[in-house]
Amino acid sequence: MCPNSSKLTGLIAATFTPLTPQGELNLALIGPYVDYLLEKQRVRSVFVNGTTGEGCSLTLEERKQLAEEWCRQGKGKLDQVIVHVGCLSVKDSQELARHAASVGADAIAAISPFFLKPSNAGVTDVSKGSGSAAPQLPLYYYHLPALTGVKLNVREVLQGIETQIPSFKGLKFSGVDLRDLGQCVSYCRPHGWSVLYGVDEQLLGALALGVCGAVGSTYNYVGHFMNKMLNAFEKGDLALAQDLQFKMQDVFTFANSLGFDLAMNKQVMSLWSGLPMGPPRLPLLPWPSDRTQDIVKKLQQEMGPCPK
Ligand SMILES: CC(=O)N[C@@H]([C@@H](O)[C@H](O)[C@H](O)CO)[C@@H](O)CC(=O)C(=O)O
């Protein structure tokens, strides 16, 4: 992956947001969550308040409380805490960026506003807004076209962005356009920037294109397994890397057949890790537990049990 890198690399867990049965933040779980990621998943960095964290379904105050608690509990333990600050309102993103810097986050990331959709220049100006609010923090653009509907060529957005946003340090690319991904890696690499991939089921293809690492929801519970894939790829054992990716794909092809969504994903995490993540936040609704149990059985069948 990234040679001689002190950048964001390896597996980064896009964290779930623990809620009480009543749907309020359960901050007491963050400490045990940090220890679980480190000890059971061998995952050392987190991406907080992102898609998996239902960040856009939380209030600004809730997002600030989570960012602060992850930084507090992760201090001296986690390698990096990246805080997602993307909002529909640029001013809200700037408020979250300032707060992330004030609580010791290592980096910030932001999706584009997705109700009124920007042009390429609009994406740059929005990112500039977030970056200017926390100029000392590395800023990553978070590309997630499947959910934002902001379908652009990220490579075109990158052109000259270093002259407009000095703190820009790379991408979190959660798209399936590997041509655009390759073009982005080609542009970012000479700048020493990180390109992190966000479609876990096809990470191996992205590794072949030179991404530095990955941010994803599944690294919360199959991080230990996917680290084996990363290691196999780095050692040049492509056959093993392929076998491990195929096993992971088998699980999520099965999960998708059951209607896999973020709510079901959160329930899988609770069942697999033993950490009670609680219900999803509206507009998502919980699923019947039997579906989650079927996915956990498939996980165990393909990947072995959760490390004790
Ligand atoms: C649409 C979506 O939620 N994608 C996930 C993936 O990790 C996804 O859960 C995984 O590939 C399983 O489908 C991540 O890209 C999201 C992410 O990194 C985040 O939560 O910010």
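Here the structure is a predicted model, which is why all the values come from computation and not from measurement. Whatever order the structure lists them in is the order used to number ligands and atoms, beginning at 1.
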Under-4.0 Å salt bridge between D237 and K235: no

Parallel, tilted or perpendicular, as decided by the 30° and 60° cut-offs, for the rings of F173 and Y197: parallel

Y142-ligand 1 polar pair, N/O distance under 3.5 Å: yes

From R155, E156, E162, residue fulfilling side-chain hydrogen bond (donor to acceptor under 3.5 Å, both in side chains) relative to Q159: R155

Atom 13 (O) of ligand 1 - nearest protein heavy atom and its distance: E201 OE2, 2.7 Å

Shortest protein contact, atom 17 (C) of ligand 1 (heavy atom only): K172 NZ, 3.0 Å

Under 4.0 Å to a heavy atom of D200 - the qualifying atoms of ligand 1, by number: 6 (C), 7 (O), 10 (C), 11 (O)

salt_bridge(R281, E62) N-O dist < 4.0 Å: yes

Option set G198, G216, G175, A255, criterion heavy-atom distance to atom 15 (O) of ligand 1, minimum: G198

K298 and E302 ion-paired at < 4.0 Å: yes

Protein contact to atom 3 (O) of ligand 1 [nearest heavy atom, distance to 0.1 Å]: T51 CG2, 3.7 Å

Nearest protein heavy atom with distance in Å, relative to atom 9 (O) of ligand 1: S217 OG, 2.6 Å

